Amino acid sequence: MLRHFLAVEDWPDAEIASLLDEAEALAEGRAGEAPALPGKVLALLFLDPSLRTRTSFEVAMAREGGRTVVLEPGRGAWPLETRDGVTMDGDAVEHVREAAAVLGRYAEALAVRAFPRGASWAEAREDAVVRSFARHAGVPVINLESARRHPCQELGDALTLRRKVGRDLSGRRFVLTWAWHPKALPTAVPVSAALAAARQGMDVTIAHPAGYDLDPDDLKTIGAVAARAGGRVSVSHDLDDAAAGADVLYAKSWGCLADFGDPAAEGARRAGLRHWIADARRMERTRGGRGLLMHCLPVRRDVEVSSRVLDSPWSAVIDQAENRLHAQRALLRRILGDRPEAR
Amino acid sequence: MLRHFLAVEDWPDAEIASLLDEAEALAEGRAGEAPALPGKVLALLFLDPSLRTRTSFEVAMAREGGRTVVLEPGRGAWPLETRDGVTMDGDAVEHVREAAAVLGRYAEALAVRAFPRGASWAEAREDAVVRSFARHAGVPVINLESARRHPCQELGDALTLRRKVGRDLSGRRFVLTWAWHPKALPTAVPVSAALAAARQGMDVTIAHPAGYDLDPDDLKTIGAVAARAGGRVSVSHDLDDAAAGADVLYAKSWGCLADFGDPAAEGARRAGLRHWIADARRMERTRGGRGLLMHCLPVRRDVEVSSRVLDSPWSAVIDQAENRLHAQRALLRRILGDRPEAR
Amino acid sequence: MLRHFLAVEDWPDAEIASLLDEAEALAEGRAGEAPALPGKVLALLFLDPSLRTRTSFEVAMAREGGRTVVLEPGRGAWPLETRDGVTMDGDAVEHVREAAAVLGRYAEALAVRAFPRGASWAEAREDAVVRSFARHAGVPVINLESARRHPCQELGDALTLRRKVGRDLSGRRFVLTWAWHPKALPTAVPVSAALAAARQGMDVTIAHPAGYDLDPDDLKTIGAVAARAGGRVSVSHDLDDAAAGADVLYAKSWGCLADFGDPAAEGARRAGLRHWIADARRMERTRGGRGLLMHCLPVRRDVEVSSRVLDSPWSAVIDQAENRLHAQRALLRRILGDRPEAR
């Protein structure tokens, strides 16, 4: 069976734990620098833009002796149709069915970024693009951020928690907080960040203004993962209260799912919420005033997180980005390597 | 002399035959996987977009141990002037003369895609861009699809015919059919597809509505290649009739050359031609109802070819795309390899 | 300390001299072809377009066994904020502080192209983007052309002078001439070209219409470099006079700094200056009628330089471009190599 990586929870807990062990060894130079994937090719498709994800995957493959091909359909390549049963007499000149199958003949694995698409959250949450690639590629498909998940960010964040807070994280307090931002952003990262903490058995609080609830199914998954790891999950509408005594404050903006596809309504809803920012006052309230500030990047300075926090020892954001590289190397070794447990 | 690859028929028949033998060996893993082009650099210039061609060439070079540089003049690089004798005080900031000569100092070979350009077919058919690159590069130039030819598609299609229909193709029936499409597309692929079949000695029928004749010189070349191989070429205006007993139905849309540069006239001409589609009814008419459906991709589903056909065993379109990779590896080995017959 | 390469004069004269020796050895195949940078990764950021610079750096890294990642913020990646202290609620979604620091965790060095930005020359001349990258990257940063300098072009041009005119250049006449062009271009290349010649002890004349003076600080630097090398620098407003007896005529257009950011005023100023062109009549006036025509490319034919000159033995423009590759290989070996003097 193909080893797709669309969501971390699709893989057995034990394998994720061992993957994170290997990522930590790679990060600390203990895993051997011999390239593990000589001659392997990973095709990266970006239907939405990227800096960190693209660079960290290109470098991860380079460090392992492999190659990457980067495609940006709609820019240097054709726009793709992702819906089935459509008579294709509009703009799209190629269907994912063919694009995925063809790329699967050229590369050992595909990696796909496709932000939420559709007229409603009910449609967007189906993640039609990455699921369609996984169905038709014939080789493993890696999710580089879909409407629902950013599993590589989740791996990198889990690694950051282990390296910066400690390997035994059970009972440590992880606060994911909504932050104001001029646009309604996807919920993939907040869900994945909460999952990263829940999987380590942390005590997870999700702080957000009323109306900014995450998708109920995703909340249920976070709760289930937490339960398996001996942790728990709660929701708060008061950031000051939530931040008190936190080990980690993870700031991230996301859009109201009920207003999905209606920027005017969403803009009105978030008017007056600019005080939802991770600033020094909130960081002072964390455990011993020395909690960790996390953010997936890109971050808008003095909008989501204050400059003072970003430029201080509180901030782990650059380490988070670096850990993407180590985590993805460990992931690629499992998906593309020649070991018996791989494809 | 430089080994440009602008059209398949520029090379000796015997060399193309041996190239296809090597491509088949590569496809079947019989050619040795030792990279044949370590350290070699191929620069790919896309003046028009690409998914398959770009990926298959990048992967082909990767498999052979070489490198690629991909340039997209007008996007990440400068727009290029291709006409001689022009005072360059307009948009283009660089002439092909300099761009080609410079890239020829950096890379061992250039590969160029330039769709038809110009106010008339009389102008476009001169293929000024690729010819200009070939004249000024100082290294071999590979045509990645010009107004007149798509020779790499032709190699891949020839390989598909050999692998899917049989090595002895003489007398087998190959039907190239026009298909409706919302836009007037270039004739490079239909000409190259017909040449691929003609070169194998097949009995070639070109089916299209009145007014969609291919360029007379190209038709003459197809006829000459067929004659050398013991095959023949005919034209039909009746797809149902042409499809009867065919071994292969190759669907492709193209624009009326008389209407070149006049989308309104072309649109009026093709109104009412949507029944020119490769559908299951036509496939049932092929030899034993088991003919092969070919298309170069990208294909518009339920416009050029029906979904039912594309998702059935009739379809060879994914194999065609895969064979591009094997054929191009064989091509690159001849152009860039260190064998005595190469440059 | 990090070995940034933002301007040639930031490095010791002796090291530049030895770098050029190595570049010359590489150009002549005397430096050993064994890749010196296996496994090293260079990230290239283009905030402005490129053909030669991108290709020559990608090929330079390929020849040395390393890898490149090419990013184009604002196209396939996020637009970047470069100003400090800005509340980021506008278009830019990421600050250079984070982008530079993150990329510095992925790659062994960064290379950045950022043309002049800002409302005035006073602002643009600060080169905020490349300086910001250098401050925050944590790894060496290479300037791929900023408002003030194009140091890689300078190295390539110095190599061209040595290879085409001779190793002892003291007292030879180098004329940098302004040329008409439809747009106001940056002054980085003319300054760097004059520096290349001054560093070799040449007798440098800068010819331009009244009002097109280079930045006074840059002129002072050119003068200081010339003085150290035993050469001298003068300015002329008469191209015919300046060209008389020149060993080299280096043509380049640039904008009036006083009109920076005001295209209408600049356009009016250069109206009537189309006779500032490097044509055969001027080349005939060079030493023995056999002077060298140089230009950094891209060049507008029959606008900056006549076609007749570009297509004649006078022209060294293709050699200049080739020498970029050799010079950059030598540069990368010093910045990324494992020798004791490198990082």
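Letters A, B, ... are given to chains in the order of the sequence lines, protein chains preceding strands, and every chain is numbered from 1. Here the structure is a predicted model, which means the values were calculated and not measured. Atoms considered below: every heavy atom in the structure, side chains included; atoms not considered: hydrogens, waters and symmetry mates.
- One finds the CG atom of C:D89 at 9.5 Å from the CG atom of A:D302 (value rounded to the nearest 0.5 Å).
- With a 4.5 angstrom heavy-atom cutoff, C:A101 touches chain A via backbone and side-chain atoms both.
- Here C:R105 contributes atom CZ and A:S56 contributes atom OG; the two are 13.5 Å apart, rounded to the nearest 0.5 Å.
- Of all heavy-atom pairs between C:V41 and A:A62, the closest is CG2-CB, 4.3 Å.
- Scanning both residues, C:Y106 and A:R63, for their nearest heavy atoms gives O-NH2, 3.0 Å.
- One finds the CD atom of C:E98 at 11.5 Å from the CG atom of A:L51 (value rounded to the nearest 0.5 Å).
- Contact of A:R274 with chain C is made through the side chain alone, with heavy-atom distances under 4.5 Å.
- For the set C:A43, C:G90, C:G66, the entry with the most heavy-atom pairs within less than 4.5 Å of chain A is C:G90.
- For the pair A:R54 (side chain) and C:V70 (backbone), a donor-acceptor distance under 3.5 Å is present.
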Could you walk me through whether A:I318 and C:H136 satisfy the side chain to side chain contact (heavy atoms under 4.5 Å, CB included) test, starting with their C-alpha distance in whole Å, then the side-chain angles of each, then the deciding distance to 0.1 Å, before giving a yes or no?
CA-CA 11 Å; A:I318 307 300; C:H136 301 295; over 6 Å; no

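- Side-chain contact between A:R301 and C:V86 is absent, with no heavy-atom pair separated by less than 4.5 Å.
- Between chain C and the options A:A60, A:A321, A:S306, A:P182, the largest number of non-hydrogen pairs under 4.5 Å is found for A:A321.
- Counting only heavy atoms from C-beta outward, the side chains of C:E108 and A:V59 never approach each other to under 4.5 Å.
- Here the straight-line distance linking atom OG1 of A:T55 with atom CG of C:L45 works out to 7.5 Å at 0.5 Å rounding.
- Around CZ of A:R117, the count of heavy atoms belonging to other residues, nucleotides or ligands within 6.0 Å exceeds 12.
- Between A:R324 and C:V102 the shortest side-chain heavy-atom distance does not fall below 4.5 Å.
- Screening C:M88, C:E81, C:E94, C:H95 for a side-chain contact (heavy atoms from CB on, under 4.5 Å) involving A:R300 leaves a single residue, C:M88.
- Atom CZ of A:R281 is surrounded by more than 12 heavy atoms from other residues, nucleotides or ligands within 6.0 Å.
- The parts of A:D319 that come within reach of chain C are both its backbone and its side chain, each placing non-hydrogen atoms under 4.5 angstrom from that chain.
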